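Some notes on the structure that comes next.
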2 protein chains.
Amino acid sequence: MKAKITLKDIARELEVSISTVSKALKNSEEISRDTKEKIQAFAKLYNYRPNNIAISLKNKRTKNIGVVIPDIVHHFFTTVIRGIEKYANARGYNVIVCSSDESFDREVINMEMLANGSIDGFIMSLSSETQKKNDYNHLKEVTEQGIPVVLVDRITNEIECDKVVIDDQLGAYMAAKKMIDQGRKKIGIITTADYLSVSRARTEGYKKALMEHGIEVDESRMLKLSSMDMDEELIKDFFDSTDLDAVLCVNEIFAVFSMRLAQKRGLRIPEDMSFIGFTDGFLSQYAYPSLTVVAQHGQKMGEISAQMLIDKVESEAEEETYQTKILEPTLVVRDSTIN
Amino acid sequence: MKAKITLKDIARELEVSISTVSKALKNSEEISRDTKEKIQAFAKLYNYRPNNIAISLKNKRTKNIGVVIPDIVHHFFTTVIRGIEKYANARGYNVIVCSSDESFDREVINMEMLANGSIDGFIMSLSSETQKKNDYNHLKEVTEQGIPVVLVDRITNEIECDKVVIDDQLGAYMAAKKMIDQGRKKIGIITTADYLSVSRARTEGYKKALMEHGIEVDESRMLKLSSMDMDEELIKDFFDSTDLDAVLCVNEIFAVFSMRLAQKRGLRIPEDMSFIGFTDGFLSQYAYPSLTVVAQHGQKMGEISAQMLIDKVESEAEEETYQTKILEPTLVVRDSTIN
DNA sequence: TTGTAAGCGTTATCAC
DNA sequence: GTGATAACGCTTACAA
């Protein structure tokens with residue numbers, strides 16, 4: 001086992017001082033050609049690599065960014081992480097991923113853990129519990145310490161920081177409009193509790209589309225599921241008690257699951273009932289029929305967040321200007337709606 | 001903006017020495033009750049938190065573990081990460097995730113980046129390119145430096161280290177046997193190139209089951225797709241040219257995709273053709289019909305890897321004993337096979 | 001051209 | 001009971 005070699009080791013072996021070694025390896029003009037060559041050769045031979053931790057301590061920069069998301073096992077967040085990682089790595093940053101598991105406490109713990117020097121900034125998406133409690137003190141503390149934060153997707157107005165979202169309302173609007181344009185009149189929505197910022201926005205967009213097209217918004221056509229429960233009975237009841245010819249779902253799991261229940265009761269998709277979901281994941285792609293969705297461009301969101309964060313981290317300027325980047329969703333038309 | 005407070009700051013404010021502060025905050029016996037209380041109160045008031053980086057430098061322990069996987073946007077790996085994260089966090093470790101994107105170069109770069117002090121150990125799953133090249137020098141270097149490595153799922157015999165896998169061969173065997181037991185005689189397999197350790201093992205298991213039950217292994221019933229291409233034509237040709245009543249697929253995407261193609265040509269599933277895939281993800285669960293799969297227990301694998309890694313990291317012992325943990329897969333029976 | 005020393009924030013050893 | 005000092009590995013201003 002050949003342990004990592006340090007500047008000190010090189011200095012000792014070559015009988016020069018540590019600073020000479022340091023400078024030589026940085027190709028400093030100060031050092032003579034001879035010495036530099038000797039030191040560089042030695043360093044190369046022994047595969048010297050500077051210790052990141054020491055550099056971090058010195059520079060007060062870790063080149064790590066902390067990502068706190070509600071759930072890793074979720075296609076959308078996964079694409080966000082991929083975008084973050086891609087961009088961050090290209091700029092020499094590492095990504096520390098922590099999942100809050102939709103829990104407020106875990107979100108707080110993870111942030112505190114990382115905020116003590118481990119990272120230069122945060123990219124995060126709020127846990128549902130946090131949005132429900134509406135308690136953002138952990139975020140406030142972090143920003144007050146001067147640690148930059150970028151909120152993605154699940155955001156809040158309570159915190160001043162950079163934000164990246166897609167226009168969820170527009171997405172739902174586009175989806176509902178699509179259905180209306182295809183002659184659907186009895187359009188339902190399957191959504192989650194209102195405290196989730198994105199579901200709220202999507203429900204708004206849905207309502208807006210109906211209203212603008214002279215369709216009455218009927219509460220009985222709106223089913224609210226508690227988060228990810230996938231309560232089969234509730235959906236069945238919904239289908240039993242409601243006359244629908246189209247359903248908008250706030251995520252792809254709701255959509256694919258409901259499609260199946262619809263099929264089981266003999267409905268043809270899209271002829272009898274058309275479906276649109278959110279999140280352009282594998283499920284939508286490979287469902288049968290394939291699902292028309294509002295694509296959220298998670299990877300793009302990740303890249304942009306990472307860019308905003310790193311720019312802020314590296315900017316000397318002490319300006320307190322924050323921006324909110326709103327991306328346009330895209331409708332990906334597949335077989336669950338008429339083309 | 002209230003910047004982070006350090007021991008030095010506290011010492012200055014309270015007019016004591018840094019070491020007194022350090023000891024007081026550790027509740028050392030050496031320090032008088034009075035001083036301790038004063039210091040602790042002050043620290044609490046100003047929300048003192050020790051700087052992780054400084055501690056890392058001192059202890060030569062980062063409490064970070066590096067995870068290098070081929071792809072984050074992949075349900076199986078995602079569950080592995082979740083398991084790692086869960087276990088690691090519980091033991092006070094953070095998880096730095098890097099995706100190699102199935103690329104050898106990115107795998108090498110990421111490992112080098114992390115190996116310079118950022119992490120205490122690695123958990124990794126080899127990229128397909130690495131398995132293809134069969135080049136593991138980057139792993140050798142890391143282990144020679146004394147950094148513990150745990151390989152998960154996509155492993156190699158070239159490296160001596162702890163390993164965690166499921167018994168892929170057994171999984172495929174169980175799946176094929178299930179089909180045989182249900183009277184299927186013409187069982188095909190859709191797999192990937194042989195250099196992927198898991199696909200190879202699964203193909204072996206498939207063959208073994210056939211042979212043990214007196215069914216001839218027919219190369220024409222074995223389709224090899226190049227990784228994740230999802231080449232529709234190839235699968236169609238396969239179905240055209242081969243007479244099959246059951247198909248085993250080495251992942252859920254292959255399975256769900258082929259099921260669709262089969263359905264499109266009028267085959268009933270499972271009556272005319274039954275399907276079994278690998279990976280118990282959302283796709284399998286929500287496909288129509290739902291897919292019978294070999295569950296790989298990714299989360300469990302993640303937890304075990306993390307446990308093995310952290311145990312090794314924290315063990316003083318310099319013993320060079322490595323173990324390979326082989327988990328048993330489980331067959332999750334759904335509607336794509338007869339019950 | 002090379003070396004010394006201070007400092008990043010912490011802990012541990014040893015002296016007072 | 002308290003504090004000075006060295007050390008972790010590196011950078012850099014300042015001496016020599």
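These numbers come from a predicted model, not from an experiment.
Between the CG atom of A:Asn27 and the C1' atom of C:dT1 there is a distance of 15 Å, rounded to whole Å. Between B:Asn52 atom CG and C:dT10 atom P there is a gap of 10 Å when expressed in whole angstrom units. To the nearest angstrom, P of C:dT10 lies 14 Å from CD1 of A:Ile53. Distance A:Leu7 CG to D:dC8 C1': 13 Å, rounded to the nearest Å. Taking atom CZ of B:Arg33 as the reference point, atom P of D:dG1 lies 12 Å away to the nearest angstrom. One can place CZ of A:Arg61 at 18 Å from C1' of C:dG9, the figure rounded to the nearest angstrom. Taking atom NZ of residue B:Lys38 and atom C1' of nucleotide D:dT2, one finds them 11 Å apart after rounding to whole Å. As a whole-Å value, the separation of B:Asp34 CG from D:dT2 C1' is 14 Å.
You'll find that the side chain of A:Lys8 is closest to D:dC8, out of C:dT10, D:dC8, D:dC10. Here C:dT2 is the nucleotide among D:dG1, D:dC10, C:dT2 with the atom lying nearest to any side-chain atom of A:Ser32. Closest to the side chain of B:Thr20, out of D:dG3, D:dC10, C:dG3, is D:dG3. Looking at the side chain of A:Ser17, the nearest of the listed nucleotides D:dG3, C:dT10, C:dG3 is C:dG3.
Side-chain contact check for A:Thr62 and A:Asp120: at least one donor-acceptor pair (N or O, by modelled atom type) lies under 3.5 Å.
Contact check, B:Tyr48 against C:dT10: a side-chain N or O comes under 4.0 Å of OP1 or OP2. For C:dG9, neither phosphate oxygen OP1 nor OP2 lies less than 4.0 angstrom from any side-chain nitrogen or oxygen of B:Lys4.
Proximity of A:Arg154 to A:Thr130: side-chain heavy atoms (C-beta onward) are nowhere separated by under 4.5 Å. A:Thr20 places a side-chain heavy atom less than 4.5 Å from the side chain of A:Thr35. Looking at heavy atoms from C-beta onward, B:Met124 lies in side-chain contact with B:Leu139 at the 4.5 angstrom threshold.
Here A:Ile55 lies in heavy-atom contact (under 4.0 Å) with sugar-phosphate atoms only. Here A:Ser56 lies out of heavy-atom contact (under 4.0 Å) with every strand.
A:Ile55 is linked by a side chain to side chain contact (heavy atoms under 4.5 Å, CB included) to A:Pro50, A:Asn59, counting only residues two or more places apart in sequence or in another chain.
Annotation: the span from A:Cys161 atom SG to A:Tyr136 atom OH amounts to 11.5 Å, rounded to 0.5 Å.
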Identify all side-chain donor-acceptor contacts of residues 300-310 of chain A below 3.5 Å with residues at least two apart in sequence or on another chain.
unit_1: A:Glu303; atom_1: OE2; unit_2: A:Gln299; atom_2: NE2; d: 3.4
unit_1: A:Ser305; atom_1: OG; unit_2: A:Met301; atom_2: O; d: 2.4

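Across the interface with DNA chain D, nearest-nucleotide mapping of B:Glu29 and B:Lys60 shows B:Glu29 to be the residue nearer the 5′ end.
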Show me the protein contacts with nucleotides 12-16 of chain C, counting only N or O atoms at under 3.5 Å.
none

